Amino acid sequence: MAPVSTPASVTLPSDTAVKDIAQLGREAAGIDIVTIKAPAGMVGVPAEIPVGIIHGAQPEIDSVDNLFERYRTAPTDKRGIARALTLDSFIALTNRHKTKDSVVFADTTWTNPSFTAVIDYHEDKSAGAANNLKHRIAYSFPLSDEWKAWTKLNGQPMAQGDFAAFIEDRIADLSSPSDFERSNLERDFGTTIATPSDLIRLSRGLQVNVESRLKRAVNLQTGEAEISFEESHKDADGKPIKVPGLFILAISPFFMGEKVRIPVRLRYRTSGEKLIWLYQIYRPDQFVTERVREDLATVGAQTSLPTFEGGPEA
């Protein structure tokens with residue numbers, strides 16, 4: 001029977017040696033997360049932040065954010081601009097995201113008005129914390145088709161047939177004057193206000209006969225003479241024509257917005273045997289600006305946020 005060999009003895013490391021080996025492993029390739037406190041007096045930063053100490057041949061300190069950024073599933077904060085097409089949508093979106101410090105700015109320039117809700121606005125105290133001003137909701141008052149149609153031909157001469165066709169197409173935009181409008185506008189402009197049916201009648205069937213008369217005046221003392229033409233317009237029955245000088249538009253300047261009532265001047269002239277019409281919207285800046293300011297008051301009431309005419313810092 002062969003002899004049995006005895007195995008050589010093995011010496012195991014002590015507990016201390018095991019800990020030392022583990023420590024060396026960590027120092028060689030590990031990462032420790034430690035906390036660094038902010039110096040006293042710093043504003044706008046957290047009191048402390050975590051950082052990663054990366055061990056190895058070239059140790060370094062890195063932000064924990066950088067280590068985790070590649071695995072992010074949601075943004076750090078709300079940023080960007082949501083654009084509303086209607087005032088109601090602007091109010092609803094603002095109410096959805098507003099904070100206690102949110103504000104609404106308004107550009108009331110009548111040719112290009114806009115509202116901007118800055119959700120992450122600065123705190124409202126003089127020593128309050130600053131904020132990013134990066135999360136916004138915008139409403140740019142898109143123009144309505146009605147407003148585009150009327151402003152496109154504003155002040156443009158039109159032949160009788162073209163004017164008649166335009167009035168018939170836009171008859172829904174016209175309104176009869178209220179008693180207040182009739183009293184004040186007829187007094188201020190020294191003319192009458194046409195109803196929608198008056199405009200239809202004028203555009204469809206007005207026939208104008210022009211009578212011209214030469215007038216000569218002589219100064220007997222000096223012999224100087226003045227010559228002028230007097231022209232009178234009469235209808236088909238030979239009666240003097242009385243054309244109303246105003247009519248009332250009742251339209252919204254903005255898509256899905258509230259209507260405004262705007263006086264419009266009505267003009268006509270003769271060109272040979274042809275009749276030429278034109279209209280001029282009276283002070284659109286005044287009426288549109290008033291509408292924008294009323295909408296701004298509505299925004300303030302329905303969002304309970306402060307409103308300002310102007311724009312944010314950035």
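Only a predicted model underlies this, so the values are computations on that prediction, with no experimental measurement involved. In this chain, residues are counted from 1 in sequence order.
Closest non-hydrogen pair, Arg269 versus Pro157, comes out as NH2-CG, 3.8 Å. Scanning both residues, Phe189 and Arg265, for their nearest heavy atoms gives CE2-NH2, 3.3 Å. Pairing each heavy atom of Pro306 with each of Ser102, the nearest pair is CD-O, 3.6 Å. Across Thr192 and Pro244, no two heavy atoms sit closer than the pair OG1-CA, 3.4 Å. Between Pro177 and Ile193, the shortest heavy-atom contact is CG-CG2, 3.7 Å. Here the closest heavy-atom approach between residue Ile119 and residue His97 is recorded as CG2-O, 3.1 Å.
Here the side chains of Phe141 and Phe255 are not in contact, with every heavy-atom distance at 4.5 Å or above. At a threshold of 4.5 Å between non-hydrogen side-chain atoms, the residues Pro312 and Phe105 count as touching. Inter-residue side-chain proximity for Ile262 and Trp147 is flagged as met; some heavy-atom pair is nearer than 4.5 Å. A heavy-atom distance below 4.5 Å is not found between the side chains of Glu258 and Glu294. The closest side-chain heavy-atom distance from Ile200 to Ile171 is below 4.5 Å. Residues Leu174 and Ile248 form no side-chain contact, since every pair of their non-hydrogen atoms from C-beta on lies 4.5 Å or further apart. Residues Asn154 and Gln280 form a side-chain contact, since some pair of their non-hydrogen atoms from C-beta on lies under 4.5 Å apart. Looking at Val260 and Glu290, their side chains never come closer than 4.5 Å, going by heavy atoms from C-beta outward.
Using a 4.0 Å cut-off between charged side-chain N and carboxylate O, Glu181 and Arg261 make a salt bridge. Note on Arg79 versus Asp77: salt bridge recorded, some NZ/NE/NH1/NH2 to OD/OE distance being below 4.0 Å. Look at Asp179 and Arg182 and you find no salt bridge, because none of the NZ, NE, NH1 or NH2 atoms lies under 4.0 Å from a carboxylate O.
Between the CG atom of Leu246 and the OH atom of Tyr279 there is a distance of 15.0 Å, given to the nearest 0.5 Å. Once rounded to the nearest 0.5 Å, the distance linking CZ of Arg291 with CG of Leu296 reads 11.5 Å. Distance CZ/Phe166 to NZ/Lys152: 10.0 Å, rounded to 0.5 Å. The CG atom of Leu133 sits 6.5 Å away from the OH atom of Tyr121 when rounded to the nearest 0.5 Å. Atoms OG1 and CD1, on Thr116 and Ile81 in that order, are 7.5 Å from each other to the nearest 0.5 Å. Separating the CG atom in Leu153 from the CG atom in Asp162 is a distance of 9.5 Å, to the nearest 0.5 Å.
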Listing, residues 84-91 side-chain donor-acceptor contacts under 3.5 Å, not counting sequence neighbours, or none:
from	atom 1	to	atom 2	distance (Å)
Thr86	OG1	Ser89	N	3.2
Thr86	OG1	Ser89	OG	3.0

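Between Tyr268 and Trp277, the angle of the ring planes lies from 30° to 60°, which puts this pair in the tilted group.
Without hydrogens or angle criteria, His135 side chain to Lys78 main chain gives no donor-acceptor distance under 3.5 Å. When atom types are taken as modelled, the side chain of Glu123 and the backbone of Ala129 share a donor-acceptor pair closer than 3.5 angstrom. Checked by atom type and distance alone, the side chain of Thr109 never pairs as donor or acceptor with a backbone atom of Thr111 at under 3.5 Å. In terms of modelled atom types and a separation under 3.5 Å, the side chain of Asp173 and the main chain of Ile251 share no donor-acceptor contact.
In this structure, Arg187 places its CZ atom where more than 12 heavy-atom neighbours from other residues, nucleotides or ligands lie under 6.0 Å away. For Lys259, the NZ atom counts as loosely surrounded, since its 6.0 Å shell holds 12 or fewer non-hydrogen atoms of other residues, nucleotides or ligands. Residue Arg267 places its CZ atom among more than 12 non-hydrogen atoms of other residues, nucleotides or ligands, all under 6.0 Å distant.
No hydrogens or angles considered: a donor-acceptor pair under 3.5 Å links the side chains of Thr195 and Asp198. Side-chain atoms of Thr35 and Glu48 include no donor-acceptor pair closer than 3.5 Å. At a cut-off of 3.5 Å, with distance as the only test, no side-chain donor of Thr99 or Asp101 sits close to an acceptor on the other residue.
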Requested in this report: In sequence, state the C-alpha distance, the side-chain angles, and the governing distance for Leu305 and Val103, and then conclude on side-chain contact (heavy atoms from CB on, under 4.5 Å).
Outcome: CA-CA 6 Å; Leu305 293 178; Val103 299; 5.9 Å; no
Requested in this report: Evaluate the side-chain contact (heavy atoms from CB on, under 4.5 Å) criterion for residues Ile276 and Met158: first the C-alpha distance (whole Å), next the side-chain angles of each, then the deciding distance (0.1 Å), finally the verdict.
Outcome: CA-CA 6 Å; Ile276 304 298; Met158 287 180 279; over 6 Å; no
Query raised in the report: Would Trp110 and Phe287 count as a ring pair (Phe, Tyr, Trp, His ring centres under 6.0 Å) if you check the C-alpha gap in whole Å, the side-chain angles of each, and the deciding distance to 0.1 Å?
Result: CA-CA 9 Å; Trp110 79 274; Phe287 292 92; over 10 Å; no
